[in-house]
**Q** 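First, the structure itself, so that you have it in front of you.
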Amino acid sequence: MSASQLPIEAFPAWALLNGVEFRSAEVQSIEGKGFGLVAKNDIPGVSDDTSSTVAIIRIPRDLVLSAEAVEAYAKVDQSFRQLLEVAGHQSSVNAKLSVLSREYDELSEKASTLPFWNDLLSEPGMLEDWILADALYRSRCLELPHAGIAMVPGLDMANHSPKYLARYDETPEGDVVLLPSSGSGVSSGEEITISYGEAKSAAEMLFSYGFIDQESGVKELALHLDALPDDPLGKAKFHIYRGPPVVRLSLTEQRFQWHSPFLYLLILNEEDGLAFRIAQDMEGGRELRIFWQDEDVTGRTDEFESLIQDHPLSQIFKLRAVAVLENLVAAQLNRITAEISYGVTEQSQAANQPRVECMLAAEKLRDLEAQTLQGAAAALENEKARLLLDARVVAYLGSMEDTQNEQASDQASNEDDDFS
Ligand SMILES: C[S@@+](CC[C@H](N)C(=O)[O-])C[C@H]1O[C@@H](n2cnc3c(N)ncnc32)[C@H](O)[C@@H]1O
């Protein structure tokens, strides 16, 4: 279905007709960012009495597209309700094109019994619209304090800046307002920016919004964890774990941190006290359950960091986790730095290549991630060295060495026996 689009010049008239109040801002073209909001006059900063702060723009509740609004709409539009019903609880739309087209195929198949949606979804070009809708949603939705994730026309013209000048809120009536966020206010002609989230990684920003915030100090990335080689429990661990099997790395000037509940499960073995059992219920249904030190922890698979805390080998488990992570970081660093540079310049663009802006952004992301991984590698080496000096680790490794030596000498004397 070819969607008809109004030019941006029509936006003020549309806003007026729909009751959007643009009191002290207007939409203007902003270099490198598309359009944005610019102050029409000096906007005073936030006063101590926040209730008297005048909204820069105000969007009536009826225009807010939130989960609540979708439900309300489904009550009055039977076709829409039917589509929601067949769609069921679809997982959140994944931007990967293959996933999007699979989702679209699934939706079309489920809706094939509904004549209205079957006709609409079979029209040529609808998959492209579906992909566009996903990109629009990702880049324009925001989280309201009460209505939750929502799309708010007018407010979605505000660009992002880490030094944002405004913030959004909801009034008691459910209208959405844009308010100055600092005491100094906004000068006439200045761009009115908001924050799209202060903790978003470069990858997340690029993935959702199509740009990387050059000023952001956030250096974060997530790496996928695979089963460890020769781990007989590997498959069961992935099956039973409820969250994403990833490790999140974050690096600031002061410190490096990693977070991965799954990694603590991944490094445990049967000899440590980990066990899987199949439980059968009264109806004959079978279910996989996980045990730690004979306690059923099936509902707590993301708590292994604290579950191992009091175990005598807890520092050994940490050392294992750090060693796995160190290998993972080194492999990822190798992979991304070995990738051929696109050699992109602003001028060059060969046919059939992605847009220059996209390739520059990809290179920027790779550089940022390489810096994060290098910082992570150095910090992990220190963490490993510190753990290797821990008295419990030294004692454990010493006892392992003794056992190995004993086994080796037993074997040698057996071999001597054999030859005697
Ligand atoms: C919610 S919209 C903001 C309005 C948008 N500029 C427009 O023309 O419709 C989000 C999009 O604006 C652009 N954008 C926002 N902040 C930006 C920034 N700091 N630098 C570059 N692009 C930005 C990105 O394309 C992003 O996906």
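First listed ligand is number 1; within each ligand, the first listed atom is number 1.
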**Q** Side chains of S66 and E68: donor-acceptor distance under 3.5 Å anywhere?
**A**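 E68 and S66 do not have a side-chain donor-acceptor pair below 3.5 Å.
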
**Q** Evaluate D169 against R167 for salt bridge (charged side-chain N to carboxylate O under 4.0 Å, His left out), listing each step before the verdict.
**A** CA-CA 7 Å; D169 203 349; R167 62 177 184 87; 3.6 Å; yes

**Q** Could you identify the single nearest non-hydrogen protein atom to atom 9 (O) of ligand 1 and state the distance to 0.1 Å?
**A**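 Closest protein heavy atom to atom 9 (O) of ligand 1: R140 NH2, 2.8 Å.
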
**Q** Does the pair Y241 and F304 meet the rule for a ring pair (Phe, Tyr, Trp, His ring centres under 6.0 Å), with working shown?
**A** CA-CA 11 Å; Y241 185 68; F304 271 91; 8.9 Å; no

**Q** For atom 19 (N) of ligand 1, grab the closest protein heavy atom and report residue, atom and distance to one decimal in Å.
**A**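 In this structure, atom 19 (N) of ligand 1 has H160 O, 2.9 Å as its nearest protein heavy atom.
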
**Q** Identify, by atom number and element, the atoms of ligand 1 in contact range of N159, meaning under 4.0 Å from any of its heavy atoms.
**A**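 Those of ligand 1 that fall under 4.0 Å from N159 are 3 (C), 4 (C), 5 (C), 6 (N), 12 (O), 13 (C), 14 (N), 15 (C), 16 (N).
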
**Q** Quiz question: by atom type and distance under 3.5 Å, do the side chains of E369 and Q371 form a donor-acceptor pair?
**A**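 Per modelled atom types, E369 and Q371 side chains form no pair under 3.5 Å.
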
**Q** Is K33 in polar range of ligand 1, meaning some N or O pair under 3.5 Å apart?
**A**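 Yes; at least one N/O pair falls below 3.5 Å.
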
**Q** Can you figure out which of Y209, Y164, F35, Y196 has its heavy atom closest to atom 10 (C) of ligand 1?
**A**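 Answer by nearest heavy atom: Y196.
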
**Q** Distance under 6.0 Å and angle within 45° of the ring axis: does R289 meet both against F276?
**A**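 No.
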
**Q** Counting non-hydrogen protein atoms only, what is the nearest one to atom 20 (N) of ligand 1? Give residue, atom name and distance.
**A**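 Residue, atom and distance for the closest contact: F211 CD1, 3.4 Å.
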
**Q** Verify whether one side chain among K318 and Y264 offers a donor that lies under 3.5 Å from an acceptor in the other.
**A**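 No, no side-chain donor-acceptor contact under 3.5 Å.
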
**Q** Is it the side chain, the backbone, both or neither of S208 that has a heavy atom closer than 4.0 Å to ligand 1?
**A**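 It is neither part, as no heavy atom is under 4.0 Å.
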
**Q** Under 4.0 Å from a heavy atom of D156: give me the atoms of ligand 1 that qualify, with their elements.
**A**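 Every atom of ligand 1 under 4.0 Å from some heavy atom of D156: 1 (C), 2 (S), 3 (C), 4 (C).
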
**Q** So is G36 in contact with ligand 1, going by heavy-atom distances below 4.0 Å?
**A**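 Under 4.0 Å: no for G36.
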
**Q** With ring pair (Phe, Tyr, Trp, His ring centres under 6.0 Å) as the test, would you mind laying out the steps for F317 and H311 before giving the verdict?
**A** CA-CA 9 Å; F317 300 151; H311 193 282; 5.0 Å; yes

**Q** Enumerate the atoms of ligand 1 whose separation from the nearest heavy atom of G34 is less than 4.0 angstrom.
**A**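 Listed by number with element: 8 (O).
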
